[in-house]
Chemist: 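Got a structure here, written out as structure tokens. Questions coming.
This one's a predicted model, so the numbers in the text were calculated from it and none came from an experiment. The sequence lines fix the lettering, A, B, ..., with proteins before strands; numbering per chain opens at 1.
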There are 2 protein chains.
Amino acid sequence: MTVHDVARLAGVSTASVSRVLSGRRTVSADVDERVRSAAAELGYQVNAVGRSLRRQSTETVGLVIADITNLFFPSLTKALEDAFAHQGLGLLLADAANDVARERDAVSRLLARQVDALLITPVSRLQSRRTIDEANQRTTVVQLDRRASTKAHYVGMDNSQAVSDVLAHLAELGRTSPVFIGSDPHISTTWERQRAFSRLAPTGDRVLTGDFSLDWGRTATIEALERWPDTDALFCADDLIAVGAVEQLRAMGHRLPGPVAVVGFDDTLLVRLHTPPVSSVRQPLAEMAAAAVELAVSTANLAVQRRLFPGTLQARPSTAP
Amino acid sequence: MTVHDVARLAGVSTASVSRVLSGRRTVSADVDERVRSAAAELGYQVNAVGRSLRRQSTETVGLVIADITNLFFPSLTKALEDAFAHQGLGLLLADAANDVARERDAVSRLLARQVDALLITPVSRLQSRRTIDEANQRTTVVQLDRRASTKAHYVGMDNSQAVSDVLAHLAELGRTSPVFIGSDPHISTTWERQRAFSRLAPTGDRVLTGDFSLDWGRTATIEALERWPDTDALFCADDLIAVGAVEQLRAMGHRLPGPVAVVGFDDTLLVRLHTPPVSSVRQPLAEMAAAAVELAVSTANLAVQRRLFPGTLQARPSTAP
DNA sequence: GTGAAAGCGCTAACAA
DNA sequence: TTGTTAGCGCTTTCAC
């Protein structure tokens with residue numbers, strides 16, 4: 001089933017069929033009608049592969065997710081899927097499973113498929129740079145949430161502002177001795193949050209770093225309270241750590257809300273449904289996805305963009321007075 | 001950068017370049033070497049669009065997820081992504097957002113892109129059937145987790161067996177008056193679990209159905225205990241409902257483990273990290289993904305397959321004695 | 001084992 | 001406005 005079949009049935013040339021079905025040129029009402037009804041009768045649908053080869057554009061973007069099991073990323077993926085589908089753009093998904101080598105592979109496979117743009121949440125602030133820069137030579141690359149290169153577009157949250165807001169919120173509640181519990185500092189978001197904390201918090205030197213896990217949240221909580229007994233808030237780099245911290249506090253007999261507040265990042269289901277609910281900074285995913293679309297479809301040679309969106313603290317019982 | 005450039009540099013024909021790079025025909029060691037080094041020198045990578053058009057195969061499968069925000073599906077997606085990437089197959093992702101019209105659209109767009117197979121978790125047991133049957137005329141369709149048509153392959157969990165196992169587990173603990181809290185009965189899994197419950201449970205007529213939400217889990221718990229005061233277990237169709245049920249029980253002053261047990265389905269992060277941890281049936285995602293790959297790449301005209309895998313109950317404090 | 005050439009399905013340049 | 005035709009990049013006959 002090809003344009004030829006439709007053309008034959010409609011009694012027109014294949015070019016006319018193409019013109020009608022791609023809506024890219026004006027055609028007489030008569031031809032338009034004949035082609036449409038012929039296509040409908042045959043149940044014809046254009047072959048996107050042929051079109052892509054000819055147009056040199058696949059209307060598809062590649063998305064490389066650092067770690068799809070991290071609860072935040074499915075939310076991001078959904079926002080992107082929505083936004084891109086809305087533009088008629090398909091999403092070719094790849095998971096880097098937190099591994100720079102797999103990330104490199106994924107990028108390479110997506111480029112071979114001629115994606116019109118590549119969206120990526122870099123695995124590592126440092127080690128993903130080359131992969132991104134190389135991809136950026138071949139197509140439009142948009143870094144999302146995390147960043148590793150200054151040569152490619154970036155759409156993310158303003159972590160400094162978010163950290164500042166959270167600290168202000170804590171200060172209002174009289175909490176001025178927070179400890180920062182980071183996860184893997186190779187992750188750019190964690191890194192930025194930690195740096196902002198160090199710069200802005202009254203206890204900026206109270207920083208612990210570990211990995212992305214509930215257990216690390218637990219361990220770090222014990223360590224924090226031992227090293228700094230006057231701790232009145234645990235400022236966690238992500239939700240999983242925050243939940244671990246809350247659990248540990250409760251295991252140690254603390255009440256929540258109580259003397260030690262806990263706050264996380266990303267506002268995933270985990271903290272919203274937790275008992276007690278945990279405060280967390282929400283990223284404006286829909287806006288970020290819209291910006292990603294805009295950059296992805298932008299005609300090349302646009303100067304490198306850095307779009308930072310404000311995060312909003314969702315205050316919940318874990319930081320209540 | 002095309003085969004021509006490589007051919008010119010290697011001093012061979014484009015046919016030879018193709019033969020080497022696709023590894024589909026034997027070539028002399030000399031030519032092989034010359035082509036490989038020319039390709040490496042140029043940084044040439046084959047254009048998958050050209051290849052797809054010629055081969056009439058995209059090496060890409062479409063995946064239509066009923067609702068990507070449902071925590072279970074990202075896990076499934078990851079398992080699929082792993083399995084298909086391992087075979088060199090790309091995954092084109094679409095989200096149906098629980099809407100049969102959007103599902104229909106998504107399928108249509110994926111077919112236009114000439115996916116080699118279509119994986120789908122049908123939104124509705126009844127209303128997704130036509131979409132699936134129509135797609136099945138055009139390519140290999142594999143229904144995953146949920147099913148709507150008997151004419152297309154299905155890979156899922158044996159819900160009858162799982163329900164039976166859970167009931168046996170509850171019986172061992174002396175709990176013989178369970179209530180089933182279902183979600184939307186349009187979802188095939190919920191429907192199957194409910195039917196199995198009705199058939200196998202001593203209190204098979206104690207069934208409540210609602211929707212996929214935490215609140216429904218809460219509401220249903222209240223209703224269950226009012227209507228059947230001797231209830232000793234809440235058998236929930238999914239984890240979100242189970243967490244809602246646990247929360248409600250605690251709000252009502254019940255202890256857990258305690259007089260009323262709670263069990264869910266899908267073994268998502270939600271129940272594993274909950275306090276107390278909630279028992280749940282785990283689906284063998286990796287095995288299911290492997291089966292999906294096998295069916296997706298199977299040469300057409302294979303009889304319709306129905307592959308059911310056993311679920312395993314992860315017993316946790318919510319069903320402890 | 002190798003090269004020349006056709007053609008996958010589509011669209012855009014060109015001609016009418 | 002419409003048709004003819006070339007060609008996107010690749011692979012696979014077919015002939016040697």
Chemist: Leu21(A) has an atom CG; how far is it from atom C1' of dT11(C), in whole Å?
Modeler: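 So the CG-C1' distance, Leu21(A) to dT11(C), works out to 12 Å.
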Chemist: Which part of the nucleic acid, if any, lies within reach of Val12(B) when heavy atoms closer than 4.0 Å are counted: base, sugar-phosphate only, or nothing?
Modeler: sugar-phosphate
Chemist: Any luck finding a side-chain donor-acceptor pair between Thr60(B) and Arg113(A) under 3.5 Å?
Modeler: yes
Chemist: What's the CZ-P distance between Arg25(A) and dT1(D), to the nearest Å?
Modeler: 11 Å
Chemist: Look at the side-chain N and O atoms of Ser16(B) and state whether any lies under 4.0 Å from the OP1 or OP2 oxygen of dT2(C).
Modeler: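 No, no such contact exists.
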Chemist: What nucleic acid atoms does Thr2(B) come within less than 4.0 Å of, heavy atoms only: base, sugar-phosphate, or nothing?
Modeler: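 Sugar-phosphate: the residue Thr2(B), judged by heavy atoms under 4.0 Å, touches backbone atoms but no base.
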Chemist: In whole angstroms, how far is the C1' atom of dG9(D) from the CG atom of Leu42(B)?
Modeler: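 So the CG-C1' distance, Leu42(B) to dG9(D), works out to 15 Å.
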Chemist: Provide, to the nearest angstrom, the distance between the CD atom belonging to Glu33(B) and the C1' atom belonging to dG1(C).
Modeler: 17 Å
Chemist: Name the residue closer to the 5' end of DNA chain C, choosing between Gln45(A) and Ser13(B) according to the nucleotide with the nearest heavy atom.
Modeler: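 Upstream on the strand: Ser13(B).
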Chemist: Does Arg24(B) make a side-chain N or O approach to OP1 or OP2 of dT12(D) shorter than 4.0 Å?
Modeler: yes
Chemist: Students often get this wrong, so: under 4.0 angstrom with heavy atoms, is Val31(A) touching a base, only sugar-phosphate, or nothing?
Modeler: sugar-phosphate
Chemist: So if I take every side-chain heavy atom of Ala15(B) and compare against dG3(D), dT11(D), dA4(C), which nucleotide ends up nearest?
Modeler: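 So the nucleotide nearest the side chain must be dA4(C).
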Chemist: Answer yes or no: are there more than 12 heavy-atom neighbours, outside Arg55(B) itself, under 6.0 Å from its atom CZ?
Modeler: yes
Chemist: Which whole-number value in Å describes the distance from Asn47(A) CG to dC8(D) P?
Modeler: 18 Å
Chemist: Is it the case that the side chains of Ser128(A) and Glu103(A) hold a donor-acceptor pair, with the cut-off being a distance below 3.5 Å and no angle test?
Modeler: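 Checked: Glu103(A)/Ser128(A) side chains pair up, N/O donor to acceptor below 3.5 Å.
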Chemist: Mind checking if Ser52(B) touches a base, just sugar-phosphate, or nothing, with heavy atoms under 4.0 Å?
Modeler: nothing
Chemist: Would you indicate what Arg19(B) reaches in the nucleic acid, counting non-hydrogen atoms under 4.0 angstrom: base, sugar-phosphate, or nothing?
Modeler: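 Base contact.
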Chemist: Taking all heavy atoms of Leu118(A) and all of Ala135(A), pick out the closest pair and write down the distance.
Modeler: CD2-CB, 3.9 Å
Chemist: Going by the side chain to side chain donor-acceptor pair (under 3.5 Å) test, name the single residue among Arg138(B), Arg130(B), Gln137(B) that passes it with Glu134(B).
Modeler: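 The residue from Arg138(B), Arg130(B), Gln137(B) that satisfies side chain to side chain donor-acceptor pair (under 3.5 Å) with Glu134(B) turns out to be Arg130(B).
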Chemist: Could you work out which one of dC10(C), dG9(C), dT2(C) sits closest to the side chain of Gln56(B)?
Modeler: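 Selected nucleotide (nearest to the side chain): dG9(C).
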Chemist: Given dA5(C), dG7(D), dG9(D), which nucleotide is nearest the side-chain atoms of Arg54(A)?
Modeler: dG7(D)
Chemist: Under 3.5 Å, is there an N or O donor on one side and an acceptor on the other linking the side chain of Arg55(A) and the base of dG9(C)?
Modeler: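 Answer is no: no donor-acceptor pair is held.
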Chemist: What's Ser18(B) touching, base or sugar-phosphate or nothing? Going by heavy atoms closer than 4.0 Å.
Modeler: base
Chemist: Expressed in angstrom and rounded to an integer, what is the separation of Leu53(B) atom CG from dC10(C) atom C1'?
Modeler: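 In whole Å, dC10(C) C1' and Leu53(B) CG are 8 Å from each other.
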Chemist: Let me know, please, whether Val27(A) or Thr14(A) comes out on the 5' side of the other along DNA chain D by nearest nucleotide.
Modeler: Val27(A)
Chemist: Under 4.0 Å between a side-chain N/O of Arg51(A) and OP1 or OP2 of dT11(C), yes or no?
Modeler: yes
